2 protein chains.
Amino acid sequence: MLQIDPASPVPINDQIKAGLRGLVARGLLKPGDLAPSIRGLAASLKVNPNTVARAFRELALEGFLESRRGDGNYVSDKAKRQVQQNLGGVRAGLNEALLSARRGGLPWREVEALVQKVRAEEP
Amino acid sequence: MLQIDPASPVPINDQIKAGLRGLVARGLLKPGDLAPSIRGLAASLKVNPNTVARAFRELALEGFLESRRGDGNYVSDKAKRQVQQNLGGVRAGLNEALLSARRGGLPWREVEALVQKVRAEEP
DNA sequence: ATTAGTGTACTATAACACTAGTACACTATG
DNA sequence: CATAGTGTACTAGTGTTATAGTACACTAAT
């Protein structure tokens, strides 16, 4: 349901937060739905439960999740709206990636070609 | 001549290595050329000289640079070839960023718009 | 009431990236 | 030779990230 890259320099808890936001953005998780449990997600991702707990705690502080002790974490009603606002951050991330690719010497033709390829391969 | 993003989770020394490879990829630095000095580059990037020294040392180990103590770091003859192989990694990185942006819910027109914007703002 | 599953909280430890400071060796230049 | 600039090397310390272990509080199901 969710994937991370342990080798990435991006902190795992940040990847988890982005992943959950992405699930909502794609409609796989809706406001009112129960998010995966901390221990269960930690086991499936093979990371420490504290790392997942930290991501969930921060998402709860933002109002994205509603934690019910002994029950689980529920996607809040604001989540959908927050995901829209979060698009700015997503845009910033892609912006940085484009700059990095250019600094790395990837020609614009290759950039354009890659965009088309990814688009074509999408479901 | 070289740019980095101190706020990025990508280690600065990795950014410096990528930047130097990029300069060669773009033809701004050729085999035989003298690379920027460790202290000078550290000053212009506003990072610690040891951080730059580490990047240079690793590039020298890879055979990308040739260090001449008391003189400077020269771009090796193999550098050009190494950069070509490295482009695959750069492409893979951008590919992953595009997928992440899509998972984050960024529409295709926004992706296209961002590509054009970055391209337009480039020196 | 008991049990299993859940979230929460805290400390300690380790690894990594980076900073800071210092010292030394070498080369080019005058 | 003297100087300035260069690369190299080492130690110590800081902050971040993640892990490991433990304990506690609550809820749902039986």
Side-chain angles (χ1 to χ4, degrees), chain A residues 1-20 23 29 32-76 79 93 96 100, chain B residues 1-20 23 29 32-76 79 93:
Chain A
M1 189 173 191
L2 225 169
Q3 283 185 341
I4 63 169
D5 177 12
S8 166
V10 178
I12 294 179
N13 67 75
D14 283 350
Q15 294 188 46
I16 293 173
K17 289 168 67 178
L20 283 177
L23 289 179
L29 218 49
D33 284 355
L34 184 57
S37 78
I38 290 180
R39 286 175 177 77
L41 189 52
S44 80
L45 296 180
K46 291 171 184 167
V47 300
N48 193 283
N50 279 333
T51 304
V52 181
R54 177 177 176 182
F56 277 42
R57 174 166 37 85
E58 292 180 2
L59 286 175
L61 279 178
E62 296 174 14
F64 182 90
L65 290 178
E66 287 176 8
S67 288
R68 301 186 199 168
R69 160 182 263 173
D71 188 0
N73 283 278
Y74 291 82
V75 179
S76 82
E96 178 53 38
S100 289
Chain B
M1 190 173 189
L2 225 168
Q3 283 183 343
I4 63 169
D5 177 11
S8 167
V10 178
I12 293 180
N13 67 75
D14 283 350
Q15 294 189 46
I16 293 173
K17 289 168 67 178
L20 283 177
L23 288 179
L29 216 52
D33 284 355
L34 184 58
S37 78
I38 289 181
R39 288 175 177 77
L41 189 54
S44 79
L45 295 181
K46 292 171 183 168
V47 301
N48 192 283
N50 280 331
T51 304
V52 180
R54 177 178 175 182
F56 277 42
R57 174 165 39 84
E58 292 180 3
L59 285 175
L61 279 178
E62 296 174 14
F64 183 90
L65 289 178
E66 288 176 6
S67 288
R68 300 185 199 168
R69 162 181 260 171
D71 187 1
N73 284 277
Y74 291 83
V75 179
S76 83

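Labels below follow one simple rule: chain letters A, B, ... track the order of the sequence lines, proteins then strands, and each chain is numbered from 1. The basis for the numbers below is simple: all heavy atoms, side chains too, and nothing from hydrogens, waters or symmetry mates. Computed from a prediction, not measured in an experiment: that's the story for all the values here.
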Interatomic distance where [atom1] belongs to [X] and [atom2] belongs to [N] [whole Å]:
| X | N | atom1 | atom2 | result |
| --- | --- | --- | --- | --- |
| A:D5 | D:dA18 | CG | P | 12 Å |
| A:L45 | D:dA18 | CG | P | 13 Å |
| A:F56 | C:dT6 | CZ | P | 11 Å |
| A:R69 | C:dG7 | CZ | C1' | 6 Å |
| B:E66 | D:dG7 | CD | C1' | 15 Å |
| B:Q15 | C:dC18 | CD | P | 8 Å |
| A:L65 | C:dG7 | CG | C1' | 12 Å |
| A:L41 | C:dG5 | CG | C1' | 15 Å |

[N] phosphate, OP1 or OP2, under 4.0 Å from [X] side-chain N/O:
| X | N | answer |
| --- | --- | --- |
| B:R54 | C:dA17 | yes |
| B:N73 | D:dG7 | yes |
| A:T51 | D:dT17 | no |
| A:S67 | C:dG7 | no |

Would you indicate whether B:E62, at its atom CD, is surrounded by more than 12 heavy atoms from other residues, nucleotides or ligands within a distance under 6.0 Å?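 Correct, the count exceeds 12.
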Would you kindly compare B:I12 and A:A35 by the position of their nearest DNA chain C nucleotide and give the one closer to the 5′ end?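 Closest to the 5' end, via its nearest nucleotide, is A:A35.
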Could you walk me through whether B:R54 and B:I16 pass the side-chain contact (heavy atoms from CB on, under 4.5 Å) test, one step at a time? CA-CA 10 Å; B:R54 177 178 175 182; B:I16 293 173; over 6 Å; no
Let me spell it out: for each of A:R68 and A:V47, pick the nucleotide of DNA chain D with the closest heavy atom. Which residue's pick is nearer the 5' end?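 Per heavy-atom nearest nucleotide, the more 5' residue is A:V47.
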Can you tell me if A:S67 and A:N73 form a side-chain donor-acceptor pair at under 3.5 Å?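 A:S67 vs A:N73: donor-acceptor pair found between side chains.
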For B:F64, does its backbone N or O pair with a side-chain atom of B:S76 as donor and acceptor, under 3.5 Å?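 Flag set: sc B:S76 to bb B:F64 pair under 3.5 Å.
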Nucleotide nearest A:I38 when distance is taken to its side chain, options D:dG7, C:dG7, C:dT19: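 Closest nucleotide among those given: C:dG7.
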Among D:dA18, C:dA17, C:dA9, the one nearest A:R57 by side-chain distance: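 Shortest atom-to-atom distance from the side chain points to C:dA9.
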How is [X] classified with respect to the nucleic acid when contacts are heavy atoms under 4.0 Å: base, sugar-phosphate, or nothing?
| X | result |
| --- | --- |
| A:R39 | base |
| B:N50 | base |
| A:D71 | sugar-phosphate |

Give, for atom CD1 of A:I38 and atom CG of A:N48, the distance between the pair rounded to the nearest 0.5 Å.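 CG of A:N48 is found 11.0 Å from CD1 of A:I38.
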